[in-house]
Chemist: 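Just passing along the structure, written as structure tokens.
The basis for the numbers below is simple: all heavy atoms, side chains too, and nothing from hydrogens, waters or symmetry mates. In the text below, chain A, chain B and the rest are named by the order of the sequence lines, each starting its count at 1.
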Protein chains: 2
Amino acid sequence: MLKGRRIALVEDDEIMGASIEQRLRLEGADVVWVKLMQRAVGALRTPRAPIDAVVCDIRLPDGTGEDLFATLCRTATPPPFLFITGQGGIDQAVRLLQAGAADYVTKPFEMAGFLDRLAHLLRPKGEAVDQPFGQSSAARRIGVLVAQAAENDRPVLVRGGAGTGKALVARRIHHLSDRSAAPFAEANLSRADDPLAELDAAIAAVGDGTLFLNGLERLPPKGQDRLSVWLDSPPLARLVAACGAGMEAALRDGRFRGDLFFRLDLFEIPIPPLAERPEDAPWLLHRMFDAMNARREMPLRGISALAEQAVRDHDWPGNGRELRARLVQAMATATGDTLFPSDLFPERQTTAADRLPTLSEARDTAERTHILRALERTGGHVIEAAKLLGVSRTTLWEKMQKLGI
Amino acid sequence: MLKGRRIALVEDDEIMGASIEQRLRLEGADVVWVKLMQRAVGALRTPRAPIDAVVCDIRLPDGTGEDLFATLCRTATPPPFLFITGQGGIDQAVRLLQAGAADYVTKPFEMAGFLDRLAHLLRPKGEAVDQPFGQSSAARRIGVLVAQAAENDRPVLVRGGAGTGKALVARRIHHLSDRSAAPFAEANLSRADDPLAELDAAIAAVGDGTLFLNGLERLPPKGQDRLSVWLDSPPLARLVAACGAGMEAALRDGRFRGDLFFRLDLFEIPIPPLAERPEDAPWLLHRMFDAMNARREMPLRGISALAEQAVRDHDWPGNGRELRARLVQAMATATGDTLFPSDLFPERQTTAADRLPTLSEARDTAERTHILRALERTGGHVIEAAKLLGVSRTTLWEKMQKLGI
DNA sequence: TTCGGGCGTTCGGATTTCCGAACATCGCGG
DNA sequence: CCGCGATGTTCGGAAATCCGAACGCCCGAA
């Protein structure tokens with residue numbers, strides 16, 4: 001019944017936790033057991049794989065399950081929560097259910113009934129098909145927005161950094177829409193030598209299909225006028241535009257007409273960078289790896305857990321595109337039958353000769369750069385910087401003293 | 001607070017029932033007291049007037065409140081149920097709330113708190129004639145002013161920020177007035193390309209109805225002259241104008257004729273921004289939610305109490321319009337069956353943009369990457385990695401534990 | 001089988017860090 | 001001149017971190 005499901009167990013009591021964990025594992029579930037609230041926040045906010053349900057004790061050594069739930073709700077849609085508690089009251093149960101918890105069980109409980117209720121609140125599985133963008137909640141949201149965009153015919157604006165897959169989103173909208181049989185014409189304005197010609201060619205080719213304008217912020221004024229006129233005509237085609245980080249600056253500087261932008265910005269699909277949804281990186285890695293491995297002469301056996309962890313922790317300034325490039329490189333040059341971190345990040349090998357800095361050294365440099373960044377943002381305001389960094393003024397002063405700032 | 005509301009009280013205990021009934025009547029509620037389940041089914045299924053809420057005991061001589069609720073749910077959407085019970089358990093509370101009960105209180109209870117919770121779950125039903133704009137005193141004042149305006153025939157000036165529902169007020173004045181059968185002609189001067197043409201078209205269309213001029217501060221001088229002439233004619237129609245925050249500046253700069261303004265400003269209805277009447281935001285939320293949820297293919301179960309709190313705390317720079325937009329977005333993209341704060345405020349998910357990570361967070365990520373690097377180099381050898389990092393084995397273990405490595 | 005070493009884990013105390021509460025100082029404007 | 005707010009500096013206690021010393025477990029070598 002729970003086969004293949006990932007259940008998070010938040011419980012500080014050893015005996016109770018062990019017994020539940022064991023039973024859930026017996027049922028085939030994948031259990032993540034954390035014993036502290038702070039760890040649970042981390043484990044649920046940025047899970048390695050999506051969590052299907054959370055079994056949560058209320059009294060924890062460093063907080064309460066209620067706090068945990070409220071904290072998660074502030075920034076994300078939490079998985080269904082089943083609270084278990086020994087000394088809870090009715091008021092607490094009512095409060096939690098009103099806040100959106102899925103269920104509430106008092107200890108001690110019959111294991112069979114508990115499992116029933118847990119299974120009952122698991123959302124039906126099998127929506128893997130329409131999740132081509134990742135497994136994070138952010139990625140699922142993109143999938144929903146794409147489906148919505150495909151259903152109507154209004155202009156869409158895709159926003160995201162370099163290599164986040166804006167073109168993929170545009171193609172998918174086209175593919176899911178009722179124009180899927182019509183042409184899909186792409187004008188990439190940032191790569192083109194002559195953006196105007198690129199725009200004209202795409203407009204000429206699009207017919208009643210989907211016109212995809214990539215790199216909108218690079219469209220020169222003449223092109224903006226032309227696009228505006230084309231929108232007024234009115235066109236047979238549907239417009240999907242994409243812009244990157246430079247859009248806001250272009251609007252501020254007047255390099256892009258505000259009125260045109262607002263005509264395009266009716267339905268916005270923001271794609272957060274990979275760094276903000278770390279659980280998508282290993283997911284993408286495996287997806288691409290499987291696809292590429294199948295076409296390989298001598299298939300690799302798999303990916304090292306260390307490599308997966310390294311992929312998770314990397315910053316991915318080039319987002320998905322960088323990941324693909326690294327993987328292609330790694331699979332071409334891999335020496336063994338397994339992908340290791342050094343295959344994906346060959347540039348790190350150069351440091352092999354010298355000594356790794358001490359942990360405290362690394363910590364100090366990290367603190368140093370971080371403090372400087374905060375001070376820069378506040379314009380040298382120490383008190384505000386301390387607030388920003390979440391430490392007291394005196395502590396910040398102490399650290400600055402120590403680090404010589 | 002309960003004035004004019006119809007509350008059904010299902011309670012077999014004479015003393016308890018009498019005390020609640022008396023108190024509810026004191027608060028101005030209309031109370032229907034039934035002492036048997038069978039009677040309650042009848043009274044709730046075919047009430048003389050719609051019931052706004054049900055206060056329901058669980059143990060009744062001829063059945064239970066649970067049965068009553070279940071019976072009603074089979075054939076209709078019952079009003080919000082507040083269960084009160086003396087010997088109920090947590091399981092019962094959980095079961096009822098999961099079934100859709102609004103609240104659950106154990107006897108004995110503080111009457112004040114009980115009334116709060118009862119008032120909290122009262123939802124506006126349909127077009128509540130008396131309170132169409134909110135439940136704050138400011139909103140009730142708007143209702144009174146609208147009614148007064150509808151009774152006479154003088155020009156009305158509605159003042160309020162963007163998205164505060166100025167057009168709604170105007171329509172309501174028209175609807176309540178004796179011109180309700182005549183045309184309602186709206187000229188939106190702020191959105192129109194050619195405000196003059198917009199004004200002329202509306203004047204031509206209005207006949208003996210109500211002319212609504214929205215965005216008065218944007219009316220160009222020529223239009224002001226024309227409006228002035230039209231007022232002198234004298235017109236058959238009644239004028240309702242609306243202006244936003246820019247009006248004072250327009251008057252100061254002379255972009256708007258002072259004399260014309262004072263001819264329009266005879267009866268002013270000011271609409272304060274939502275931020276100044278926080279209790280209206282959740283009210284509006286529930287109103288819109290109910291209306292939209294009814295038209296939904298798969299209705300949501302409800303709104304998390306946390307989301308409600310977030311709505312109350314938000315600033316609402318875009319007022320009601322922003323609320324509606326957020327709700328539409330949230331209901332389209334909600335992943336679960338309950339609305340959570342993150343559904344309504346998806347932009348908070350990307351906190352990385354504005355908020356710098358805490359110093360300890362930065363330190364943790366730095367330590368994490370550094371430890372991983374060391375482990376990678378030693379091939380997973382913990383002792384060597386600890387030596388490399390200059391910490392003891394136990395410390396490294398502790399850190400790995402904390403950072404989830 | 002025993003032995004030893006790597007590893008996971010706990011524990012108590014030494015040490016460091018962190019914070020709030022002070023107090024002095026330094027502009028800065030009224 | 002004073003008041004005010006931000007900063008520099010010190011201090012003591014609370015909280016954390018770190019470390020060595022254990023104990024038990026597992027696995028491979030002897």
Chemist: If I take atom CG in residue B:D364 and atom P in nucleotide D:dA16, what distance separates them, rounded to the nearest angstrom?
Modeler: 14 Å

Chemist: Rounded to the nearest angstrom, tell me the gap between atom CH2 in A:W33 and atom P in C:dG8.
Modeler: 17 Å

Chemist: What's the NE2-C1' distance between A:H381 and C:dG27, to the nearest Å?
Modeler: 13 Å

Chemist: How close or far is atom P of D:dT17 from atom CE of B:M400, stated in whole angstroms?
Modeler: 17 Å

Chemist: Take atom CD of B:E367 and atom C1' of D:dT17, then tell me their distance rounded to the nearest Å.
Modeler: 10 Å

Chemist: Hey, what's the ring geometry for A:W316 with A:F345, parallel, tilted or perpendicular (30° and 60° as the breaks)?
Modeler: tilted

Chemist: Is there a donor-acceptor contact under 3.5 Å linking the side chains of A:S360 and A:T358?
Modeler: no

Chemist: Could you go over nucleotides 9-17 of chain C and give all protein N or O partners under 3.5 Å, atom names and distances?
Modeler:
unit_1	atom_1	unit_2	atom_2	d
C:dT9	O4	B:R393	NH2	3.2

Chemist: Roughly how many Å is it from CG in A:L396 to P in C:dG20, rounded to a whole number?
Modeler: 13 Å

Chemist: Rounded to the nearest 0.5 Å, what separates atom CG in A:D116 from atom CD in A:E110?
Modeler: 11.0 Å

Chemist: Within this structure, what is the CG-to-C1' distance between A:L359 and D:dT17, rounded to whole angstrom?
Modeler: 12 Å

Chemist: Just wondering, are more than 12 heavy atoms of other shown residues or ligands nearer than 6.0 Å to CZ in B:R312?
Modeler: yes

Chemist: Just checking, any donor-acceptor pair under 3.5 angstrom between side chains of B:H370 and A:E361?
Modeler: no

Chemist: State whether a side-chain donor-acceptor pair under 3.5 Å links B:S136 with B:D280.
Modeler: yes

